[in-house]
There are 2 protein chains.
Amino acid sequence: MATIRDVARLADVSVATVSNVLNSADRVSPELSARVRAAMEKLSYTPHAGARSLRKRSSGLIGLVVGDITNPFFSDLFEAVEDAAAACGYLVLLCNSNERSEREEAHLRMLRTQRIDGLILAPTGAVSMNRASLLAQLEVPVVLVDRAMEGLGYDAVVLDNRCAGFEATQHLIACGHRRIGLVNGPEVFRTAAERLAGYREALLAAGLSFDPALVRDAGFRKQPAEQAMAELMALAEPPSAVFATNNLMTIGVVKALADRGLSCPQDVSVIGIDDLPWADAVSPRLSAIAQPVRAMGEAALELLIRRLAGTLNGPGTTTVMAPRLVIRRSCGAPASGKPAHVD
Amino acid sequence: MATIRDVARLADVSVATVSNVLNSADRVSPELSARVRAAMEKLSYTPHAGARSLRKRSSGLIGLVVGDITNPFFSDLFEAVEDAAAACGYLVLLCNSNERSEREEAHLRMLRTQRIDGLILAPTGAVSMNRASLLAQLEVPVVLVDRAMEGLGYDAVVLDNRCAGFEATQHLIACGHRRIGLVNGPEVFRTAAERLAGYREALLAAGLSFDPALVRDAGFRKQPAEQAMAELMALAEPPSAVFATNNLMTIGVVKALADRGLSCPQDVSVIGIDDLPWADAVSPRLSAIAQPVRAMGEAALELLIRRLAGTLNGPGTTTVMAPRLVIRRSCGAPASGKPAHVD
DNA sequence: TGCGCTTGCGAAATGCATTTCGATCCGCAA
DNA sequence: TTGCGGATCGAAATGCATTTCGCAAGCGCA
């Protein structure tokens, strides 16, 4: 493979000139530049990223670590970040932790050996000291997405989760529901805690009482959500509507309903967080709280770029994005009587 | 950030010894190794991937380029490849071309500057000479996934598309259907052409005639599939069942049906290629031809690893994977009369 | 014509880890 | 005691691109 020396030799200039053509184009005369470019073309020369990152103190790499790339939220996020990064000349290194923190930490270490210029992190699980120190060792700007971590001083881009919880619940209340189930994630996550808070506020605002029996932790996963939903429906007084706080759990809830022969929204209304491409194709057409995923990804990248450029300094900022209620058909008036109980 | 020299100084050994501890552990005595390791720990030393890739002739990076990471097929593929790669000590660089070949080519160039050790490619669009030469310039093993490219001599891992088309169609025929629509991708893609071939064979085997009016090209995308389905249903003799040859188009087909107030499978049966996590949760519960995505990703990576290790030589091989028919509820007997025509 | 400055270019140092190859030191045998 | 093989270790070269700094040529101006 051709090196910069080969190009220099062929163009009959010094290597410095070739480098200047590549990097500071204005420092070399047009005709010489053309000659050099022709030589590069002929040799189909491509600079060596390793050598380059060795010399400059930057690799042009940005890390993006997510918990589950098969979750549409994260794949959309990746797409948004990659598009925005490409526009700035950065390459993004995607790391999928499968929601396992050892893997996440292994990834963090490997990102360090890659000498990434910056990191966008959607943290999995709780903040361990271990992870905090891994992040610090990176010695690069970090932007948190989706889930904020307190006290580390990083920038963060998050959904207004309280608002999301409030609006979803409010919508169900507006449909006439009085007993509303909540299939939530673990409250140790701020996202879950805040969505719960919004739920409670909406109940309160409507003069409804909060019933802990209607709230389940399904770990943000499909399978447990199915189980949780089954439990809710087995209650003496089952809810007439359910709010699931992420896309995976929404699927679980809908499946649990279908498995018991209950239909939505006739028997039970459902609303979820995260809109999905097929939500308006299948039955029930799911109403949802949509997250502005693309905007979140772009905002995160912009924060990172500004930190890298030195345009942004000082303590971390938190950007809160507004959720958007998408009304389809999965929420209707509660059935007059108790829903048919199939078992 | 600490360098190998700092570690050497602190451990009071030469840099070569530190390097040996890292790379050929057996070449250094246990106690010295421990001392070095302690020094690395204390300095929280991490080797510089750039410098390393400069000296070794490999970067430890594998490229994976896909057309659309938000398509579950590809995000599953990434997950499988990344898992397998991590087990072999490789890092995977995901490139999302958004199905645009300029972007794909830009990615290929950038992968070259990164000096990737190997590439797994799910090619977008047709094979241009341009792309072929970009691949050749990479000078690394290439494994094709999902869509094979003829004549370049690369290894490939593909679905048995003929069989997939055959089985899907056969299933619909077994349900009693006689007029079966095909919402296919562009026939310039072998995947599409072969799925069509399977469809025709199944018709033939059942003594049914092939009606070109029932076949539409929806470009493997949702929106056009919706349109195509609308056209099919507007036919004087609309099909009583439809086979969509990928997940995006399946969604479009289902949506078109729902939009016209038709229900599945009562009015029209639907089967698609690619199984989806929500397929058994919503209505219709979609029957589908599942692709062994994980296995395909793993097979692709293994081929690559064997090429890299020199265990595998010679001309490219093609690994054909068997599809699996997943029967749920979206295929039933055709309605006795013509389906209600709502417009 | 001569002086000083701008501009364009090249030589060489630099960044970090790997690897080759020669040096050293050990124990063991003669 | 001397010599030798083997096990360990270290000095230095190497890979590639960037960048600093000095040099030279070309320019304008007096």
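Below, chain A is the first sequence line, B the second, and so on; all start at residue 1. Below, each value reflects all heavy atoms present in this structure, side chains not excepted, and no hydrogens, waters or symmetry copies.
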**Q.** A:Arg103 vs B:Asp83, salt bridge (charged side-chain N to carboxylate O under 4.0 Å, His left out): CA-CA, chis, key distance, verdict
**A.** CA-CA 10 Å; A:Arg103 284 210 46 174; B:Asp83 287 350; 2.7 Å; yes
Q. Quick one: do the B:His107 and B:Glu102 side chains pair a donor with an acceptor below 3.5 Å?
A.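 The criterion, which ignores hydrogens and geometry beyond distance, is not satisfied for B:Glu102 and B:His107.
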Q | Polar side chain donor-acceptor pair, A:Asp155 to A:Thr317, under 3.5 angstrom | A |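 Note: A:Asp155 and A:Thr317 side chains meet the donor-acceptor criterion.
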**Q.** Atom-to-atom span, NZ of A:Lys56 to C1' of D:dT18 - whole angstrom
**A.** 8 Å
Q: Whole angstrom is fine here: how far is it from CD in B:Glu31 over to C1' in D:dC9?
A: 13 Å
Q: Would you tell me if any nitrogen or oxygen in the side chain of A:Ser29 comes within less than 4.0 Å of OP1 or OP2 on C:dC9?
A: yes
**Q.** Ion pair check, A:Arg294 and A:Glu298, cut-off under 4.0 Å
**A.** yes
Q. Counting any heavy atom closer than 4.0 Å, what does B:Ser19 reach on the DNA or RNA strands: base, sugar-phosphate only, or nothing?
A. base
**Q.** Sidechain-backbone polar pair: A:Asn98 side chain, A:Arg100 backbone, donor-acceptor under 3.5 Å
**A.**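 Checking the backbone N and O of A:Arg100 against the side chain of A:Asn98, no donor-acceptor pair under 3.5 Å is found.
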Q: Check B:Arg307 against B:Leu312 and note the closest heavy-atom contact, atom names and distance.
A: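 Of all heavy-atom pairs spanning B:Arg307 and B:Leu312, the closest is NE-CD2, 3.6 Å.
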**Q.** Contact pattern, 5' to 3', of nucleotides 10-16 of chain D - B, S or - by protein heavy atom under 4.0 Å
**A.** BB-BBBB
